[in-house]
Protein chains: 2
Amino acid sequence: MWRVEEIDRRIVTLLAGDGRMSFTDLARETGLSVSAVHQRVRRLEKRGVLRGYTSLVDYEAIGLPMTAFISIKPIDPSAPDDAPERLAHLTAIEACHSVAGDESYILKVRVSSPGGLEELLQQIRAAANVSTRTTVVLSTPYEHRFPALDEAEGSETLDQP
Amino acid sequence: MWRVEEIDRRIVTLLAGDGRMSFTDLARETGLSVSAVHQRVRRLEKRGVLRGYTSLVDYEAIGLPMTAFISIKPIDPSAPDDAPERLAHLTAIEACHSVAGDESYILKVRVSSPGGLEELLQQIRAAANVSTRTTVVLSTPYEHRFPALDEAEGSETLDQP
DNA sequence: AGTGAAAACTAGGCGAG
DNA sequence: CTCGCCTAGTTTTCACT
């Protein structure tokens, strides 16, 4: 009697929790056959609901112990705003969000040291002609959590053929 | 002649790019045997360098099209600061970073609508006794990128037996 | 959409260099 | 640390419902 979509949400949630979970395990958890889950996962991938898989990495262990948020604002507000493309080559930038508010973008960056952050800030200012405001992360109580999906959410979009 | 560590960095980078890559493929990409890669991956997992695997999800497709950053500040600065624990039950909060600066934490949240954001803000203020400052994300040019790891970074920490 | 079974491929353990 | 072999288990396709 529950909507079919329940199962897709369950699959997405399970894979968010363990991106390497086998189809066999997904099948057991969802009560479907292996081939049915397989088919659903492939369909979710094709539709872009599942956009890929990644490992969660300890940035401290790979020599990038420092995280910061950098808000940027164009120095010349009349110039075309192509900051994301201009900054894309800086691999220390993990994410770039266009935001409402005083500044135009928020960047999340990972660097090895204060010196590395200073250097990155100079590169950002030079590459995109922006002023910056930096907020250094001291610790991260949690990250990469996945929300509980209830039937109110996603039903319309996930339910299309 | 190159440091052995080169290979571990390569493995981490490959798994960051495709968290479901098979050991067979990892072996081919790194030039090692399957069992050698297998052993290295298990070691990286045990050391906590690889902390897990997850799927990348299109939040719009699952009915959570709205992302925001919420900075919070305690209303009573003399009270013990246990905001992360007090907020942990709110699954709309994807990440919680303790930060330097005017505010004490930055939260990243996913909601279904402005109404959902409003409700979440009330819950946050009530649960942690904080004031909030919200920055709504308009679009995300990129996210979840993984930095290029060069030999300068990570060598010390990754190189230990 | 779902199922079960066959074929191809992968994971994970073992002994050896 | 690395290799290659081996078996159990997983992925993927297919014909059928």
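The chains referred to below are lettered A, B, ... by the order of the sequence lines, with proteins before strands, and numbering in each begins at 1.
At dT12(D), one or more side-chain N or O atoms of Arg42(A) fall inside 4.0 Å of OP1 or OP2 (strictly under the cut-off). For Gln39(B), a side-chain nitrogen or oxygen approaches OP1 or OP2 of dC1(D) to under 4.0 Å. Of the side-chain N and O atoms in His38(B), one or more sit less than 4.0 angstrom from OP1 or OP2 of dG12(C).
Residue Ser35(A) places no side-chain atom within donor-acceptor reach of the base of dG2(C), judged by atom type and a 3.5 Å distance cut-off alone.
Atom P of nucleotide dG13(C) and atom CZ of Phe23(B) are separated by 10 Å, given to the nearest angstrom. Between Glu45(A) atom CD and dT12(D) atom P there is a gap of 9 Å when expressed in whole angstrom units. Between the CG atom of Leu44(A) and the C1' atom of dA1(C) there is a distance of 14 Å, rounded to whole Å. Nucleotide dT2(D) holds its P atom 14 Å from the CG atom of Leu26(B), rounded to whole Å. The separation between Asp25(B) atom CG and dT11(D) atom C1' is 13 Å, rounded to whole Å.
Comparing Arg20(A) and Leu32(A) by the nucleotide of DNA chain C that holds the closest heavy atom to each, the one mapping nearer the 5' end is Leu32(A).
The backbone N or O of Pro147(A) sits nowhere less than 3.5 Å from a side-chain atom of Thr91(B) that would complete a donor-acceptor pair. Side-chain atoms of Ser112(A) do not come within 3.5 Å of backbone N or O of Pro65(A) as any donor-acceptor pair.
No engagement by Val34(B) is indicated, since no non-hydrogen atom pair under 4.0 Å with the nucleic acid exists. Backbone-only contact: Thr24(B) has heavy atoms under 4.0 Å from sugar-phosphate atoms and none from a base.
Under 3.5 Å, the side chains of Thr132(A) and Arg125(A) contain a donor-acceptor pair of N or O atoms.
Listed candidates were dT11(D), dG12(C), dG2(C). Nearest to the side chain of Ser22(A) is dT11(D).
The existence of a salt bridge linking Glu60(A) and Arg110(A) is excluded, since no basic side-chain nitrogen approaches an acidic carboxylate oxygen closer than 4.0 Å.
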